[in-house]
Novice: 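My questions will all concern the structure given below.
Positions are given from 1 along the sequence. Keep in mind that what you see is a predicted model, and the values were worked out from it rather than measured.
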Amino acid sequence: MFDITAPIYNDADKAREHLESIHWPHGPNCPHCGNVDAARIKRMEGKSTRPGVYKCNDCRKPFSVTVGTVFERSHIPLNKWVLASHLMAASKKGMSAHQLHRMLGVTYKTAWFMAHRIREAMKEDVASSGPIGGEGKTVEADETYIGKRETPRKLARGRVPTYTKSGKSGGAQKRIVVGLVERGGKARMFHLNDATKDTVRDVLVRNTDRASILYTDESRLYTETGTEFAQHRTVKHSAKEYARREGDVVVHSNTIENVFSVFKRGMVGVYQHCGEAHLHRYLAEFDFRYNRRTALGIGDAERASDLLRNARDKRLTYRRIGEAGHA
Ligand SMILES: [Zn+2]
């Protein structure tokens, strides 16, 4: 664990310097024009200037390290942002806004807002990281159902669909999450309004390299899409066949079960309730930690630095969160 009394958690200047060392290992870069020549950037000094402000010689604009990050234009001291980020990066099941509110000495509303901004920083940039899996790699896909669906008025987008999970009749009105995980690699979870062959295919083909070996249960959701992958193997969940041997390979979907189980323990034990419109951010939070898990040789400090590094170019305004309603 980390030392909560460390200067970066208690002093805004130290926190800013910490952020600068992560974002600018070779000196300040101008976020306005992209100038990376530290010799053409000068620190602004003077009684009326707050510390950490630089001016670019090329575009003549002032900036600080928080420009273009989720911390931009925040009145919350940067050391509290750094502490909140480190706490959320380190806690396996997540950290509630109530816990943050007590630990940071900010209001509950502020803590709630900070947590959502930090989740925004945890979001993987799928376009730049590309699909998971690949030739000879195994990707498990499955759906899980969590919490209660909200009424269309509360959900504010789309209708509440009636769906039937393959093999079950009826179907409670629960929220649908589709998860993908590469064995020994990364996971990605998605909230779907509707789980159909097409919506599930869309998630699968956008996020999984088709040279992968795909493992799913026998749900009809995957039958057709499975043929688009190098191989498609199925596990019979209905027959309680969670693992079976096929030649020298064991067919199972334990990896995705584990990803879902950590997520569900966090949602039930820590978050208890989240607005459905915010579910995608919680999924991003659990993906972030899973993809930087200890088993991959990533420690708390590295995971936390990675989070602060990812805080760039993902501005989320209070209005955008506010519009979707409070969780
Ligand atoms: Zn510039």
Novice: Roughly how far apart are Arg16 CZ and Ser64 OG, rounded to 0.5 Å?
Specialist: 8.0 Å

Novice: Does Asp300 reach the main-chain N or O of Ala89 with its side chain, forming a donor-acceptor pair under 3.5 Å?
Specialist: no

Novice: Taking the side chain as everything from C-beta on, heavy atoms only, tell me whether Met95 gets closer than 4.5 Å to Val270.
Specialist: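 Of all side-chain heavy-atom pairs linking Val270 with Met95, none is under 4.5 Å.
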
Novice: Quick check for you: to the nearest 0.5 Å, what is the distance between Lys80 atom NZ and Tyr9 atom OH?
Specialist: 15.0 Å

Novice: Take atom NZ of Lys264 as the centre, draw a 6.0 Å sphere, and report whether it contains more than 12 heavy atoms from other residues, nucleotides or ligands.
Specialist: yes

Novice: Is Arg206 close enough and on-axis enough to Phe190, meaning under 6.0 Å and within 45°, for cation-pi?
Specialist: no

Novice: Quick one: does NZ or CZ of Arg119 land under 6.0 Å from the six-membered ring centre of Tyr282, within 45 degrees of the ring axis?
Specialist: yes

Novice: For a quick test of reading the model, state the closest non-hydrogen atom pair linking Leu221 to Thr225 and the distance between them.
Specialist: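 Nearest pair, atom of Leu221 first, then Thr225: O-OG1, 4.2 Å.
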
Novice: If only atom types and distance count, is the side chain of Arg292 paired as donor or acceptor with the main-chain N or O of Gly299 below 3.5 Å?
Specialist: no

Novice: Is Phe71 linked to Ile22 within one hydrophobic cluster, defined over Ile, Leu, Val, Met, Phe, Trp and Tyr using a side-chain heavy-atom separation of less than 4.5 Å?
Specialist: yes

Novice: Mind checking whether Cys274 and Met267 have side chains closer than 4.5 Å, heavy atoms only?
Specialist: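 Sidechains of Met267 and Cys274: in contact.
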
Novice: Just say parallel, tilted or perpendicular for the rings of Tyr54 and Phe63, cut-offs at 30° and 60°.
Specialist: parallel

Novice: Counting only N and O atoms by type, is there a donor-acceptor contact under 3.5 Å from the side chain of His23 to the main-chain atoms of Leu308?
Specialist: yes

Novice: With a 4.5 Å limit on heavy-atom distance, are the side chains of Tyr222 and Asp217 in contact?
Specialist: yes

Novice: What's the separation between atom NZ in Lys92 and atom OG1 in Thr294, rounded to the nearest 0.5 Å?
Specialist: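 Rounded to the nearest 0.5 Å, the NZ-OG1 separation comes to 7.5 Å.
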
Novice: Assess the side chains of Arg265 and Ser261: does a donor N or O sit below 3.5 Å from an acceptor N or O?
Specialist: yes

Novice: Given side chains that start at C-beta, do those of Asn79 and Lys14 come closer than 4.5 Å, heavy atoms only?
Specialist: no

Novice: Let me see the working for Leu104 and Met114 under side-chain contact (heavy atoms from CB on, under 4.5 Å), right down to the final yes or no.
Specialist: CA-CA 11 Å; Leu104 302 175; Met114 290 174 81; 3.9 Å; yes

Novice: Would you say the side chain of Val139 lies within less than 4.5 Å of the side chain of Lys186, judging by non-hydrogen atoms?
Specialist: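 SC-SC contact between Lys186 and Val139 ruled out.
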
Novice: Output yes when Glu120 and Arg117 qualify as a salt bridge under the 4.0 Å nitrogen-oxygen rule, no when they do not.
Specialist: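 Salt bridge between Glu120 and Arg117, a charged N being under 4.0 Å from a carboxylate O: no.
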
Novice: Testing the basics here: between Thr110 and Val106, what is the closest heavy-atom pair and its distance to 0.1 Å?
Specialist: CG2-CB, 3.9 Å

Novice: Could you check Lys137 against Asp209 for side-chain contact (heavy atoms from CB on, under 4.5 Å), going step by step and ending with a plain yes or no?
Specialist: CA-CA 9 Å; Lys137 304 245 172 80; Asp209 190 318; over 6 Å; no

Novice: Nearest 0.5 Å, what's the OG1-CD distance between Thr66 and Glu72?
Specialist: 6.0 Å

Novice: For the pair Asp287 (side chain) and Met189 (backbone), establish whether a donor and an acceptor sit closer than 3.5 Å, ignoring hydrogens and angles.
Specialist: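 Yes; at least one donor-acceptor contact below 3.5 Å.
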
Novice: Should Arg60 and Lys55 count as side-chain neighbours, where that means a heavy-atom distance under 4.5 Å?
Specialist: yes

Novice: Between Lys93 and Tyr271, what is the shortest heavy-atom contact and its length?
Specialist: O-CE1, 4.1 Å

Novice: Would Tyr290 and Val262 satisfy side-chain contact (heavy atoms from CB on, under 4.5 Å), going step by step from the backbone distance to the final call?
Specialist: CA-CA 9 Å; Tyr290 181 82; Val262 173; 6.0 Å; no

Novice: In terms of hydrophobic clustering (I, L, V, M, F, W, Y; side-chain heavy atoms under 4.5 Å; direct or indirect links), are Val67 and Trp81 co-clustered?
Specialist: yes

Novice: Minimum heavy-atom separation for Asp13 and Pro51, please, with both atom names.
Specialist: OD1-CG, 3.5 Å

Novice: So, does His86 use its side chain to make a donor-acceptor pair with the main chain of Arg303 at under 3.5 Å?
Specialist: no

Novice: Which heavy atom of Gly184 sits nearest a heavy atom of Leu296, and at what distance?
Specialist: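 Residues Gly184 and Leu296, closest heavy atoms: O-CD2, 3.8 Å.
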
Novice: Check this for me: does any side-chain nitrogen of one of Arg281 and Glu285 sit under 4.0 Å from a carboxylate oxygen of the other?
Specialist: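 No, this pair does not count.
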
Novice: Give the minimum heavy-atom separation between Leu214 and Gly226, together with the two atoms involved.
Specialist: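 So the two residues come closest at CD2-CA, 4.0 Å.
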
Novice: Counting heavy atoms not belonging to Arg309, are there more than 12 under 6.0 Å from its CZ?
Specialist: yes

Novice: How far does OG1 of Thr216 sit from CD1 of Ile256, to the nearest 0.5 angstrom?
Specialist: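 With rounding to 0.5 Å, OG1 (Thr216) is 11.5 Å from CD1 (Ile256).
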
Novice: Side chains of Thr138 and Arg233: closer than 4.5 Å at any heavy-atom pair?
Specialist: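 A side-chain contact under 4.5 Å is absent here.
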
Novice: Is the side chain of Arg289 donor-acceptor paired with the backbone N or O of Ser91 at a distance under 3.5 Å, no angle test?
Specialist: yes

Novice: Taking the six-membered ring of Phe263, is the NZ or CZ of Arg175 close enough (under 6.0 Å from the centre) and on axis enough (within 45°)?
Specialist: no

Novice: Given 3.5 Å as the limit, does a donor-acceptor pair link the side chain of His191 with the main chain of Val177, or not?
Specialist: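 Not at all, since once roles are kept as given, no pair shorter than 3.5 Å links the two residues.
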
Novice: Should we count CD of Glu228 as having more than 12 external heavy atoms under 6.0 Å?
Specialist: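 Above 12, so yes.
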
Novice: Look only at the side chain of Asn10 and the backbone of Ile4, and say whether a donor-acceptor pair between them is shorter than 3.5 Å.
Specialist: yes

Novice: Do Asn207 and Arg188 pass the side chain to side chain donor-acceptor pair (under 3.5 Å) test, and can you show the C-alpha distance, the side-chain angles, and the key distance before you say yes or no?
Specialist: CA-CA 8 Å; Asn207 292 283; Arg188 285 180 193 169; 2.9 Å; yes

Novice: Could you measure the distance from the CD atom of Glu276 to the CG atom of Asn193? Nearest 0.5 Å is fine.
Specialist: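 These two atoms lie 6.5 Å from each other.
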
Novice: Is there a donor-acceptor pair closer than 3.5 Å between any side-chain N or O of Ser21 and the backbone N or O of His18?
Specialist: yes

Novice: Go through Thr255 and Tyr215 one step at a time and tell me if the side-chain contact (heavy atoms from CB on, under 4.5 Å) criterion holds.
Specialist: CA-CA 10 Å; Thr255 321; Tyr215 279 62; over 6 Å; no

Novice: Using only atom types and a distance under 3.5 Å, with no angle test, would you say the side chain of Asn29 pairs donor to acceptor with the backbone of Gly27?
Specialist: yes

Novice: Under a single-linkage definition using a 4.5 Å side-chain heavy-atom cutoff for Ile, Leu, Val, Met, Phe, Trp and Tyr, are Val53 and Leu78 assigned to the same hydrophobic cluster?
Specialist: no

Novice: With a 4.5 Å limit on heavy-atom distance, are the side chains of Leu180 and Leu204 in contact?
Specialist: yes

Novice: Decide whether Asn254 and Arg183 meet the rule of one side-chain donor and one side-chain acceptor closer than 3.5 Å.
Specialist: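 No, no side-chain donor-acceptor contact under 3.5 Å.
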
Novice: Would you say Met103 ends up clustered with Leu307 if hydrophobic residues are merged whenever their side chains have heavy atoms under 4.5 Å apart, either directly or through other cluster members?
Specialist: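 Result: yes, single cluster for both.
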
